[in-house]
Structure formats: C-alpha cells, structure tokens
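Right, one structure below, let's go through it.
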Amino acid sequence: SGPDSWVGGVVSNSGFGNVLGPFGGSDGAETVQSTFDIPEGTEVASFTFDMIAIDSWDNEEFVVFVDGQPAASLRFDHRTDGVTGEWVSSNPDYTFQVTGTAPRAHTGYSSGWPDQVASVQLDVANPGETVTLGFGATLDQDVGDESFAIDNVSLTAN
C-alpha cells in the first residue's frame, strides 16, 4: 500500500500494478527494509510476499534479510525456467518456501526480456518483539535492464 514504512522504498506502476520497486543490484546488500511489530507470545512469524524478477536476470540472486542479516537467497535466470535452485539458509529458525511461480512472460518494463513472479513464504521461529524484513540482489546491470520488485507483503503471527 505504499513505501511509507519501507526504508529505501519507492512505489512504481507498470504491468504489475503498484509495486515496491523496482530495485537494482546492491552487490547482495540490503536495499529496502521494514520493521514489523510481533505480538507477544508469537512462536512463528509468517511473512508472505511476491518477488518479481524483472527483465534480464542471468543466474543472479535475490536475497532476503532478517534483522539486517542475509537469511537466504534464491537464483533466477531468464535463459532457463526462471527460478533455479532452492532457498539456502544456514539459520534453523528460518524456513523458506516458494509457494508458486507465475509463467515467465513480458509483463512490464523492457519487452525484450521475460519477467517472473514468485510467491514466497518465510517463517521466522522464535521471533523477538520486532522483525525487520529486507531485500537485496546481486544484479549487476542498470535497473532498466534487470531489477526486482516486491508486492503483497503480509505477516501472520502464530
């Protein structure tokens, strides 16, 4: 619903509608983040969001951050089926799942490259009073050539 609570946030409108982004590469560093209040007694904080891989990703990584630290990454490649590999996380309190991917197709931005939307769920076990969720990427081209956007972020506290 807007960038107000996202540090580094910007909203744009393209073939995807209003989305948080687009963002380019940051050498894998965190580009945008927001802090969420977690209700007392929460055992698992479940975040869901759509990650949009825009244009010419060539085996580069989308990185998810929790409390300022890289939590996991996922590779995308426009030359293959899009999402490649599995989420990688060394923290046993983080569970990632790609719950669905849309077919690769040109949706917005450059018509020369396919885009892809991946729906993601991140479960954070034993969260504190807040969780800061952030995103970055290892993209190495101009934001007009390859970028990412985020949409439909939600939090469920269990």
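Owing to the predicted nature of the structure, the values given are computational and were not obtained by experimental measurement.
With rounding to the nearest 0.5 Å, the separation of CD in E40 from CD in E129 is 8.0 Å. Note that CG of D115 and CZ of F76 are 11.5 Å apart. Values are rounded to the nearest 0.5 Å. For the atom pair D58 CG and L139 CG, the distance stands at 8.5 Å (nearest 0.5 Å).
In this structure, the side chain of N91 engages the main chain of D93 through a donor-acceptor pair within 3.5 Å. In this structure, the side chain of T42 does not engage the main chain of A157 through any donor-acceptor pair within 3.5 Å. Between the side chain of Q69 and the main chain of D67, no donor-acceptor pair closer than 3.5 Å is present. R75 places no side-chain N or O within donor-acceptor distance of the main-chain N or O of E60, the cut-off being under 3.5 Å. Side chain of T132 to backbone of V66: no donor-acceptor contact under 3.5 angstrom is found.
Taking every heavy atom of both residues into account, F23 and G9 meet most closely at CZ-CA, 4.3 Å. When all heavy atoms of V63 and P70 are compared, the pair lying nearest together is CG1-CB, 4.2 Å. Listed here is the closest heavy atom pair of P127 and I38: CG-CG2, 3.9 Å. Nearest heavy-atom pair, G134 versus E30, reported as atom, atom and distance to 0.1 Å: CA-OE2, 3.2 Å.
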For T156 and F47, run side-chain contact (heavy atoms from CB on, under 4.5 Å): C-alpha distance rounded to whole Å, both residues' side-chain angles, the deciding distance at 0.1 Å, then the answer.
CA-CA 7 Å; T156 303; F47 294 90; over 6 Å; no
For side-chain contact (heavy atoms from CB on, under 4.5 Å), just list the numbers for V44 and V124, CA-CA rounded to whole Å, side-chain angles, deciding distance to a tenth of an Å, and then say yes or no.
CA-CA 5 Å; V44 177; V124 178; over 6 Å; no
Go through F62 and F135 one step at a time and tell me if the ring pair (Phe, Tyr, Trp, His ring centres under 6.0 Å) criterion holds.
CA-CA 7 Å; F62 170 69; F135 307 105; 5.6 Å; yes
Hey, mind stepping through V64 and L133 against side-chain contact (heavy atoms from CB on, under 4.5 Å) and telling me if it holds?
CA-CA 7 Å; V64 176; L133 179 66; 3.9 Å; yes
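Within 6.0 Å of the CG atom in N13, the count of heavy atoms belonging to other residues, nucleotides or ligands exceeds 12.
Side-chain contact check for V98 versus L74: some heavy-atom pair is nearer than 4.5 Å. Between E43 and N158 the shortest side-chain heavy-atom distance does not fall below 4.5 Å. Considering only heavy atoms from C-beta on, V19 comes within 4.5 Å of S12 through its side chain.
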Can you give the donor-acceptor pairs under 3.5 Å from side chains of residues 146-155 to other protein atoms, not counting sequence neighbours?
unit_1: E146; atom_1: OE1; unit_2: S56; atom_2: OG; d: 3.4
unit_1: E146; atom_1: OE2; unit_2: D140; atom_2: N; d: 2.9
unit_1: E146; atom_1: OE2; unit_2: Q141; atom_2: N; d: 3.0
unit_1: S147; atom_1: OG; unit_2: V143; atom_2: O; d: 3.4
unit_1: N152; atom_1: ND2; unit_2: D50; atom_2: OD2; d: 2.7
unit_1: S154; atom_1: OG; unit_2: T48; atom_2: OG1; d: 2.5

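No hydrogens or angles considered: nothing links the side chains of T130 and T35 as a donor-acceptor pair under 3.5 Å.
Annotation: ring pair (Phe, Tyr, Trp, His ring centres under 6.0 Å) contacts of F65 (sequence neighbours excluded): none.
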